Protein chains: 2
Amino acid sequence: MSDRYQCLFGILDQSALHRADKAQLRDQNLALLLRKIWAGPETTRASLARDTGLSRSSVSSLVDELIDMSLVQERGEGISTGGRKPTLVQFNYQAKYILGLDIGASHIGVLLMDLNGQVIHWKQEDCPVRDQPAQALQKLKDLEQAIYEDSHIDQSQLLGVGVAVPSPISPQNPRYLSPTFMPAWQDIDLIKALDFPQNLTLVIDNDANLGALAEVWWGAGQGCHHLAFIKLGTGIGSGFIIDGKVFRGYGGSAGELGHMVIDPEGAKCVCGLQGCLATFVGSQPILDLAHSFGLNSSDLKELIATLKEGHPKAREVITKTAYKLGLAVASLMNMMNPERVILGGELALAADTLLHPLRECVQSRSLWSSVSNSSILTSTLGEQVIALGAATAVLQKALTQPKSIFMDR
Amino acid sequence: MSDRYQCLFGILDQSALHRADKAQLRDQNLALLLRKIWAGPETTRASLARDTGLSRSSVSSLVDELIDMSLVQERGEGISTGGRKPTLVQFNYQAKYILGLDIGASHIGVLLMDLNGQVIHWKQEDCPVRDQPAQALQKLKDLEQAIYEDSHIDQSQLLGVGVAVPSPISPQNPRYLSPTFMPAWQDIDLIKALDFPQNLTLVIDNDANLGALAEVWWGAGQGCHHLAFIKLGTGIGSGFIIDGKVFRGYGGSAGELGHMVIDPEGAKCVCGLQGCLATFVGSQPILDLAHSFGLNSSDLKELIATLKEGHPKAREVITKTAYKLGLAVASLMNMMNPERVILGGELALAADTLLHPLRECVQSRSLWSSVSNSSILTSTLGEQVIALGAATAVLQKALTQPKSIFMDR
DNA sequence: ACAACTTTGTTTATATAGTGAACAAAGAGA
DNA sequence: TCTCTTTGTTCACTATATAAACAAAGTTGT
């Protein structure tokens with residue numbers, strides 16, 4: 001019987017595991033209003049009361065608190081609908097800013113975002129991140145400083161920092177990268193190395209996971225509960241959103257699509273296995289394939305340019321790649337049954353050519369019930385998607401737990 | 001900007017989407033205490049107060065309410081630890097009972113469970129369910145009646161009924177089975193056909209999903225947040241538990257491991273695809289394989305008996321099957337990164353032989369980080385597992401939302 | 001054996017969050 | 001101009017949790 005202490009009861013969040021008190025009640029309603037005001041255009045206290053079911057008196061008191069926190073502002077009077085003119089209230093999207101860091105395998109990017117999801121500034125640079133951690137960290141700081149100067153916004157106006165890394169991250173210990181994929185980073189405590197002030201909210205997660213989050217909030221995944229994002233860049237990674245939340249699995253390595261074995265007799269992969277999807281889909285293997293077809297592109301962009309010129313060999317390279325990718329996506333569909341699959345990363349620029357054979361391959365290998373209501377799309381957020389997702393992770397936390405993020409700082 | 005209305009904010013449950021009021025506060029604390037009392041051995045009001053963080057006065061008031069609901073009973077006095085003797089309180093596990101129905105492709109089972117998870121009665125029967133819906137429904141009613149008579153418990157003492165079906169179930173519309181897998185059931189409204197009184201809580205879900213739930217609550221999955229259950233029976237299905245909750249995917253067909261394509265050039269499957277795992281792993285294909293090895297077992301049980309006698313050909317059949325299964329499980333591991341994978345169903349009886357080649361195949365095809373902390377085990381719950389899971393789904397609902405299940409009936 | 005301390009469970013007073021009714025302000029409509 | 005609407009605030013009220021006080025019933029130390 002004592003085993004039962006471990007039972008999870010299907011409880012989703014911590015709140016249900018501890019007592020609920022009145023302060024929590026208020027926090028919940030405060031957060032509810034904050035989200036309504038954030039999401040909507042200008043609104044009024046009366047309208048919020050109708051929408052949420054709270055009484056007008058409660059709404060008044062809560063909105064006053066949000067105004068005191070300077071998260072919400074009054075914006076003059078609205079139009080009467082047959083009675084007294086309402087006072088308009090609006091979210092103060094410039095109350096704070098969020099920094100998103102995209103640490104890739106061979107590039108870095110820094111993005112500054114307001115609370116509206118508007119990108120204020122975005123800078124990126126190529127950098128041998130995988131092998132030169134110190135250099136990468138220094139360059140990140142440089143880009144951050146450059147953005148402060150250009151935007152006239154400084155660190156004191158930050159709410160938090162989101163960090164995307166090209167490695168699985170363990171939910172239990174997000175300080176260290178995977179030694180398999182990033183050996184040079186093995187002994188680096190990321191939180192220490194990034195060296196942000198204690199009062200900033202810091203979120204670290206895998207790049208594909210954060211890309212998925214960005215798509216749900218701002219891109220092709222809006223309104224979607226179950227979504228998979230596949231990042232086709234130097235390597236290949238994927239991230240899942242389940243019920244609006246990033247799904248990480250037990251050890252944080254959920255979504256390692258790139259190391260799904262497609263061909264047991266295939267080439268050796270960095271991960272130690274044979275015939276992983278990553279040995280077929282990724283910038284290097286694709287360029288190798290192109291080379292074997294007599295195309296000598298030096299990078300993926302060049303190959304895609306060749307493709308757009310209508311070169312049939314380039315088309316064949318992409319088609320073959322799409323087919324390999326389809327094998328993995330079909331398994332993903334059958335297993336996870338997502339509502340949408342979104343392709344991002346450099347290769348997504350070849351979407352016109354990629355999507356058709358990919359969809360065909362997936363359809364011939366997935367259950368009709370898994371595929372019929374699902375769609376495969378390309379990202380609409382471009383190269384900022386990962387950094388945007390990183391910043392969004394902080395925003396998500398702020399809008400769901402406003403008290404813990406905005407107060408006591 | 002209006003798109004943002006759709007945003008999910010990473011919210012998990014409905015509660016955060018609507019206002020929180022005082023009644024909800026009390027319900028939450030009531031449910032918290034109910035779960036503590038359910039999980040533990042005999043306890044006391046003072047001990048509950050310490051455990052939950054609630055004040056002793058609140059606990060007293062809430063426990064009184066639970067006693068009024070006859071879910072909790074006082075059980076005399078406990079031992080003093082240096083002061084006044086405490087009053088022991090204990091969950092009343094016999095306050096209500098739950099029925100679990102296992103509707104398989106070729107069998108039916110009915111299980112009566114108390115709130116402690118104790119199986120009071122269990123009856124099963126072979127039945128051509130897939131092709132003869134009317135007969136199956138009648139036999140279910142017969143078994144139900146027989147159990148009432150044997151146990152001296154009747155429908156008025158039921159809290160609810162859980163129903164497991166051998167088909168994916170759409171979360172949006174759980175009344176109908178999949179026409180692909182259960183064509184004869186196409187026009188049958190399951191809720192209507194089962195014809196239980198309105199006041200009973202009715203839960204319908206896929207059999208493998210419910211098997212997974214049973215393992216987390218009572219079996220090899222206890223204490224596990226992320227788990228996959230694979231049911232190896234007539235066909236093959238799998239179910240996932242994520243954060244203690246069944247994961248269904250967008251259309252309810254998450255976990256269709258059986259129709260993952262293992263061999264694109266393979267045999268045609270009932271689902272319309274080619275080379276699905278189900279064409280290799282499942283009672284019929286295994287018996288066919290055995291036949292090709294010169295073994296003439298009439299069913300899986302006989303084959304397993306032959307295996308246990310030490311027949312090398314039977315061993316080879318199972319090893320080959322394990323290898324095919326391993327291909328799919330490896331993909332599952334890479335994608336979902338579960339903490340445990342649990343094998344159930346008839347074939348799990350051959351676990352001694354099955355597990356070794358399976359683990360080997362999975363290890364050679366999954367990322368070390370996905371596999372190293374995960375384990376593959378066999379079910380400990382036997383043939384009752386599915387029906388037990390069905391009943392457990394009702395129990396889970398009752399312990400998380402007691403007011404909505406136990407009151408107003 | 002008796003005083004002093006502990007523990008439990010209830011009672012009572014208090015604080016706080018949300019509600020609904022009343023009210024004042026401001027406008028629409030006839 | 002008069003009446004009806006709508007908004008936002010104020011105030012009395014209700015429900016819930018808490019802390020402190022209290023009574024009951026034990027243990028421990030001398």
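We name chains A, B, ... by the order of the sequence lines, and we start the count at 1 in each one. Worth saying up front: this structure is predicted, and the values here are computed from it rather than measured.
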May I ask you to verify whether the side chain of A:Arg56 and the base of D:dG8 hold a donor-acceptor pair under 3.5 Å?
yes
Backbone N or O of A:Ala212 within a donor-acceptor pair of the A:Asn209 side chain at under 3.5 Å?
no
Phosphate OP1/OP2 of C:dT16 contacted by A:Arg26 side-chain N/O (<4.0 Å):
no
Does any donor-acceptor pair link the side chain of A:Ser61 with the base of C:dG18 at a separation under 3.5 Å?
no
Just by distance, with hydrogens left out, do B:Arg175 and B:Ser170 show a side-chain donor and acceptor under 3.5 Å apart?
no
Tell me the interatomic distance from A:Leu88, atom CG, to C:dA26, atom P, rounded to whole angstroms.
16 Å
Tell me the interatomic distance from A:Gln28, atom CD, to C:dT16, atom C1', rounded to whole angstroms.
16 Å
The residue, A:Asp21 or A:Thr44, whose nearest nucleotide of DNA chain D is more 5′ is A:Thr44
Using a cut-off of strictly less than 4.0 Å, decide whether A:Lys85 has a side-chain nitrogen or oxygen near OP1 or OP2 of C:dG27.
yes
Expressed as a whole number of angstroms, how long is the span from B:Gln24:CD to D:dT14:P?
22 Å
Side chain of B:Arg84, base of C:dT8: donor and acceptor closer than 3.5 Å?
yes
Does B:Thr87 have a side-chain nitrogen or oxygen under 4.0 Å from the phosphate oxygens OP1 or OP2 of C:dG9?
yes
Under 3.5 Å side-chain donor-acceptor pair for B:Ser55 and B:Ser58
yes
Establish, with yes or no, whether the OP1 or OP2 oxygen of C:dG9 is under 4.0 angstrom from a side-chain nitrogen or oxygen of B:Arg50.
no
Does B:Gln222 reach the main-chain N or O of B:Gly219 with its side chain, forming a donor-acceptor pair under 3.5 Å?
yes
From CD1 of A:Ile79 across to C1' of C:dA26 the rounded distance in Å is 16 Å
Looking at every strand, decide which applies to A:Ser55 at a 4.0 Å heavy-atom threshold: base, sugar-phosphate, or nothing.
base
So, is B:Asn29 near the phosphate of D:dT16, with a side-chain N or O under 4.0 Å from OP1 or OP2?
no
d(CD, A:Glu77; P, C:dA26) in whole Å
9 Å
Less than 3.5 Å between a donor and an acceptor, one on the side chain of B:Lys22 and one on the base of C:dT19, is that the case here?
no
When you check the phosphate oxygens OP1 and OP2 of C:dT19, does a side-chain N or O of A:Ser58 lie under 4.0 Å from one of them?
yes
Taking CG from B:Leu54 and P from C:dT10, how many angstroms apart are they, rounded to a whole number?
15 Å
Backbone of A:Lys245 reached by a side-chain donor or acceptor of A:Asp243 within 3.5 Å:
no
Is the shortest side-chain N/O distance from A:Arg45 to OP1 or OP2 of D:dT6 below 4.0 Å?
no
Walking DNA chain C from its 5' end, the first of A:Ser57 and A:Leu25 to be reached, judged by nearest nucleotide, is A:Leu25
Would you mind telling me which residue lines up with the more 5' stretch of DNA chain D, A:Glu74 or B:Asp27, judged by nearest nucleotide?
A:Glu74
Between B:Trp38 (side chain) and B:Leu115 (backbone), is there a donor-acceptor pair under 3.5 Å?
yes
Should the side chain of A:Ser80 and the base of C:dA26 be counted as holding a donor-acceptor pair, with the cut-off at 3.5 Å?
no
